[in-house]
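First up is the structure itself, then whatever we jot down about it.
One-based numbering, in listed order, for ligands and for the atoms of each. Everything quoted here is computed from the prediction, not taken from an experiment.
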Amino acid sequence: MKRKQGNPVVTKEYDVLGMGAVAVDDFLYVEHYPHPDEKVRVCRRERQCGGQTGTALVTVARLGRLAGYIGMLGNCRAGGDELSRAVADCFEREGVDLTHHIDRPDAGVYHSTIIVDQTTHSRTILTHTESMVGADPLFPAEDVIRSTAVLLVDHHGLDGTLRAARIARNAGIPVVGDIERGNPAPGSQNTLSEVIRHIDHLVVPLEFARDCTGLDEAGDAASRLWEDGIRDGVERSAVVVTCGVEGCWYIDDNGLEHFPAFYVEAVDTTGCGDVFHGAYCVALVEGMGLRERVRFASAAAALKATRRGGQTGIPMRKQLNAFLVERKNR
Ligand SMILES: Nc1ncnc2c1ncn2[C@@H]1O[C@H](COP(=O)(O)OP(=O)(O)OP(=O)(O)O)[C@@H](O)[C@H]1O
Ligand SMILES: [Mg+2]
């Protein structure tokens, strides 16, 4: 597949490769989230693809950069796993390259039911899988990992994620990490800590930052994560803690700053964090500084929130550029 537009700062075969969670999301829109034993009417049902890495890679593609999925799918060719096929179809439609994904009969994707409360706009995610998901422990080949300008990882498939993050960092490739889970499966805590040590752009939601640091305030938690990196000898470029409608805190050698969320009429914030990560990776490929990256990512995430579902609202590049011009004072 050919690169779509522009000249990235680092020229590689791919702009962004990702290997973590991909999902099929079934959205149920309700007037309000049910109490126990209550019956509520579903106003609307909708199926979209999702997952932290899935949605981030679709964002990269819509913003005009070459994205590829290098994690696992179930046997997604004819007659195989229907949900994996749905994800593969979505990637193909969106222009996310699947050349180096790993097809395994024991692998699959997450199947999530997402209940969106149309009054408060909160969303509750119930997620399920009986298969292996995310990064394969041994694949893809090292040269595939070295063929990207930026590697995007999350916490799904920790052994394979650690392997890939090490290969990328040894090759000087920036690793952007979206880690959401504070309590990994028994026995994998050390692997998760190791993965975090190999992430030089740690972009995490507030809940995870709080779990990690024991600090309540987002700015304090971001500072602590940054200082922990220095103490542990991690070569970190930036820490960003995202706080939904409260925006995000970001820190690098230049100190701690807050970036407020862009005001939009939000209807569904599912996937805002994933879109933020995808756009952040694009901004990194294009050589933007930290504040500009955060602004670009916040704008992409805000636009997503104006449409229902995890992926419908992901902006195309032209729409995002126009929004950034319109809100140029921010
Ligand atoms: N209601 C909103 N209006 C505008 N921007 C928003 C809104 N909610 C989220 N965002 C933007 O998206 C970013 C990421 O959101 P958030 O912190 O909720 O991520 P998350 O918890 O990882 O979400 P998810 O995992 O569901 O994608 C925020 O920092 C903000 O810039
Ligand atoms: Mg998230």
Checking contacts here: is it the side chain or the backbone of [X] that comes within 4.0 Å of ligand 1, counting heavy atoms only? Could be both or neither.
X: P205; value: side chain
X: E180; value: side chain
X: Q52; value: neither
X: A297; value: neither
X: Y263; value: neither

Exercise for review: May I ask you to say whether R197 pairs ionically with E194, meaning some side-chain N is under 4.0 Å from a carboxylate O?
Suggested key: yes
Does an N or O anywhere in [X] fall below 3.5 Å from an N or O of ligand 1?
X: G244; answer: yes
X: D274; answer: yes
X: G247; answer: yes

Practice item. Answer yes or no: does atom CZ of R327 have more than 12 heavy-atom neighbours from other residues, nucleotides or ligands under 6.0 Å? Key: yes
Review point. Does atom CD of E217 have more than 12 heavy-atom neighbours, drawn from other residues, nucleotides or ligands, at distances under 6.0 Å?
Key: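 For E217, atom CD is not crowded (no more than 12 foreign heavy atoms under 6.0 Å).
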Practice item. Measure from the Mg ion (ligand 2) to every N/O/S atom of E180 and report the name of the nearest one. Key: OE2
Practice item. Report the nearest protein non-hydrogen atom to atom 4 (C) of ligand 1: residue, atom name, distance rounded to 0.1 Å. Key: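 Minimum-distance protein heavy atom for atom 4 (C) of ligand 1 reads F262 O, 3.3 Å.
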Review point. Do H128 and Y110 have their ring centres less than 6.0 Å from each other?
Key: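 When the ring centroids of H128 and Y110 are compared, they turn out to be at least 6.0 Å apart.
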